[in-house]
Amino acid sequence: MGFKALVPKRLVGIAATKKSNFQKAIQSKKNFGEYLRTPGSKSDPHGSWSWMNEDLIPTPPEKRTWRWWNYGFFYFSLSMDNWTLGSTMIGIGLNWWQAIVVVFLSQLISSIAMAINSRSGEVYHIGYPVVARSVFGMYGAYYVVFARAVMAVVYYAIKLYVGSSFFVNMLTAVFGTGFTNIPNHIPVSVGFTTQQMLAFFLYWLCHIPFTLLRPYQLKWLFTLKMCTVVPSILGLFIFCMVNTHCNIGPGLPRSEALSASQFSWFFMYAINSGLGNTANIITNQPDFSRWSHNHWASVWPQLIANPISVTLSATFGILSTSAINNVWGLELWNQWDLLQAIMERYPTSAVRFAVFLCAAFWALLILGTNVAANMIPFGSDSTMLLPRYINITRGQFLGLILAWAVCPWKIMYSAASFTNFLGGYGLFMASVVGVMTADYYVISKGNIFVANLYDGSRTNPRYYYNKGWNIQAYIAYIAGCAFPFAGFLGTLGIKVSAVAIDLGHIGWVLSYVVSIVFYIAICKIWPTQSQRAIEDMGLGWEAMAKEDVEIDFNVTGDDKGVDKEDSESEEDLEKAV
């Protein structure tokens, strides 16, 4: 679904529609103001500030099209982008088999957390920003949404940089010295060459068509990824094993002898590192599960596909690069350097063609991961931050523009402290997910009053809390962040105690668990506004899920004509699929 929308003829037609509507909009100030408004936002009865648009309201039934096999392809293809995770584990001191065990265990825990956090979106068909309103309050949600938006756009830019490395392989394979001998006019301090900048720009262009699509139109992308990444990974793995006769040799280091206590902390540190690799995906779950056809469509695919695919990908990465490093006398771990080394060792047209295909499939894998893990979440967050003027497609395009401002080449080249900061940033989101988990499963008993999630006035009987902020939730959030925070500062070069370092090494797990415990304890003593309403009404588990509030949020006839640029483009896309 959605694939036909990307054919050139269709895209040209959509571009012509957008151009026509823009020309009409600039004819008057009134037209331009109406042109900027998002469909659905004008139906909001709350005056000058809007709390809804077409992407914030519950997903209508006709768009709940993701079934269990769609989620299976989604999670399996998404998780195969972990070739270097095993080398990360070895880098912190594990041997090869310990690294594989840790990867599997960390991803099993991650998958359980993903399944838990996806339930609210799966049942009520609302995304992360709207779920956040139910927990942190109508105004309190802005912080947790903004925090995720920052993380999404930064990682979006970094993934663009990583994917562009495969474009370097592709251009090298096609043009050879015609590409590699392009004069470099960029200073070394930038951390980028002219060739890399060209590859980055071309890869960036490939993302533009996907800003036109919403998640329910992207099932085909993850199916295509599944069909291309598996032969790509297997082919590269088989080549490395056959070429080196499976001689992984002593290139796989072993951890030093540790006491039982030291090894326990070290093992938890490794588990936490693996969890940090999927911290974004855990947070983002409602944005994916809201499109599910039924209440269990995403659960089993998460629990099965994610740990298996991550472990397989990491294992292939460990064995392949270890063998190449041992036999060829190199020190490399990522795929693009491996592909470059293969072309240098075997400079034939057949090898270059094989490398081109492999690099293209890897670039597609990274693109799909970037769309799912960063582009869609950033678009979703932008929608809530300014619902009157930004919907998911506009937000996704905004993220594409901001990727240049992030300058990921500088981050990857020289900003070691900032890279460490990104690695520890997950603990702040872990606390958010912990509070949301505790609220949904214990405090609210699976009940969300959807109609009240679009009312920011003081008369909101459920989610206005204390002037729009759920104080109890933020106390638990701060407590969850506080325990590992000193250790997080230690990663940035600040001198802290050994105990603080140990707590920082289990930051995601600790933050997640502490926030859950604190929120439940606080709410038992000091019930929230929503909690009291649920108790007074005597609601059982997910009793409110039986309420159909869909009619209340239908886009009105007047609203459908507000932004023809988007609505007509969307209609074109729907006809295409």
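Worth knowing before you read on, the calculation uses all heavy atoms, side chains too, and leaves out hydrogens, waters and symmetry mates.
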Any side-chain heavy-atom pair from [X] and [Y] closer than 4.5 angstrom?
X: I182; Y: F179; value: yes
X: I100; Y: T311; value: yes
X: F166; Y: L339; value: yes
X: M197; Y: I186; value: yes
X: M436; Y: Y128; value: yes
X: L236; Y: I342; value: yes
X: N370; Y: M375; value: no
X: L400; Y: W204; value: yes

Side-chain ([X]) to main-chain ([Y]) donor-acceptor, under 3.5 angstrom:
X: Q107; Y: V310; value: no
X: N184; Y: T194; value: yes
X: N247; Y: N326; value: no

Using residues 492-502 as the side-chain source, report each donor-acceptor pair under 3.5 Å to any protein atom, sequence neighbours left out, with the distance given to one decimal.
unit_1	atom_1	unit_2	atom_2	d
S497	OG	A500	N	3.2

query = For N325 and W333, what are the C-alpha separation, side-chain angles and deciding distance, and is it a side chain to side chain contact (heavy atoms under 4.5 Å, CB included)?
reply = CA-CA 9 Å; N325 286 341; W333 287 106; 4.2 Å; yes
Expected list for residues 343-350: side-chain donor-acceptor pairs under 3.5 angstrom, two or more places apart:
unit_1	atom_1	unit_2	atom_2	d
E344	OE2	Q340	NE2	3.4
Y346	OH	N243	ND2	2.5
T348	OG1	V351	N	3.3

key: Residue list, salt bridge (charged side-chain N to carboxylate O under 4.0 Å, His left out) with R119, at least two apart or on another chain   =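 Per chain and number, R119 pairs via salt bridge (charged side-chain N to carboxylate O under 4.0 Å, His left out) with E542.
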Heavy-atom closest contact ([X] atom, [Y] atom, distance):
X: L212; Y: Q217; value: O-OE1, 4.2 Å
X: N272; Y: I506; value: OD1-C, 3.3 Å
X: G368; Y: L221; value: CA-CD2, 4.1 Å
X: C481; Y: S511; value: N-OG, 4.0 Å
X: C240; Y: L338; value: SG-CD2, 3.9 Å
X: P484; Y: G507; value: CB-CA, 3.7 Å

Is it true that the side chains of [X] and [Y] contain a donor and an acceptor less than 3.5 Å apart?
X: S118; Y: S289; result: no
X: N306; Y: S79; result: yes
X: S313; Y: N82; result: no
X: S298; Y: E122; result: yes
X: Q302; Y: Q285; result: yes

Give, for atom [atom1] of [X] and atom [atom2] of [Y], the distance between the pair rounded to the nearest 0.5 Å.
X: M170; Y: L202; atom1: CE; atom2: CG; answer: 9.0 Å
X: S292; Y: Y71; atom1: OG; atom2: OH; answer: 4.5 Å
X: I304; Y: S309; atom1: CD1; atom2: OG; answer: 11.5 Å
X: S380; Y: M384; atom1: OG; atom2: CE; answer: 9.5 Å
X: F73; Y: L78; atom1: CZ; atom2: CG; answer: 14.5 Å
X: I109; Y: F104; atom1: CD1; atom2: CZ; answer: 10.5 Å

request  = From the options F518, Y143, Y512, select the one residue that forms a ring pair (Phe, Tyr, Trp, His ring centres under 6.0 Å) with Y477.
outcome  =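 Result for ring pair (Phe, Tyr, Trp, His ring centres under 6.0 Å) with Y477: Y143.
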key: Partners passing ring-ring contact (aromatic ring centres under 6.0 Å, His included) against F74 (at least two apart in sequence or in another chain)   =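 Once residues adjacent in sequence are excluded, the partners of F74 under the ring-ring contact (aromatic ring centres under 6.0 Å, His included) criterion are W66, F222, F288.
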ask   = Does the separation of the ring centres of F167 and F200 fall below 6.0 angstrom?
value =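 Judged by ring-centre distance (under 6.0 Å), F167 and F200 do not meet the cut-off.
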ask   = Is the distance between the ring centroids of W362 and W83 under 6.0 Å?
value =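 Yes; W83 has its ring centre under 6.0 Å from that of W362.
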Using side-chain hydrogen bond (donor to acceptor under 3.5 Å, both in side chains) as the criterion, list what pairs up with [X], not counting sequence neighbours.
X: N334; answer: W336, D337
X: W291; answer: none
X: S382; answer: none
X: R148; answer: N284, D287, D381

Is there any salt bridge (Lys or Arg N to Asp or Glu O under 4.0 Å) pair reaching into [range], and which pairs are they, with sequence neighbours excluded?
range: residues 77-86; value: D81-K159
range: residues 170-193; value: none
range: residues 223-235; value: none
range: residues 99-116; value: none

inquiry  = Q396 vs F210, test: side chain to side chain contact (heavy atoms under 4.5 Å, CB included). Steps then yes/no.
reply    = CA-CA 8 Å; Q396 290 176 160; F210 294 93; over 6 Å; no
Atom [atom1] of [X]: over 12 foreign heavy atoms under 6.0 Å:
X: W300; atom1: CH2; value: no
X: W68; atom1: CH2; value: no
X: F146; atom1: CZ; value: no

query = Do the ring planes of Y203 and H207 sit parallel (below 30°), tilted (30 to 60°) or perpendicular (above 60°)?
reply =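 Ring orientation, 0 to 90° scale: perpendicular.
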task = Give the intermediate values and the outcome of side chain to side chain contact (heavy atoms under 4.5 Å, CB included) for residues L385 and I390.
result = CA-CA 8 Å; L385 295 175; I390 299 180; over 6 Å; no
Partner of P408 under side chain to side chain contact (heavy atoms under 4.5 Å, CB included), chosen from Y156, Y155, Y161 =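 Result: among Y156, Y155, Y161, Y161 is the only option passing the side chain to side chain contact (heavy atoms under 4.5 Å, CB included) with P408.
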request  = Could you give me the CA-CA distance, side-chain angles and deciding distance for T228 and L365, then say whether side chain to side chain contact (heavy atoms under 4.5 Å, CB included) is met?
outcome  = CA-CA 8 Å; T228 56; L365 171 66; over 6 Å; no
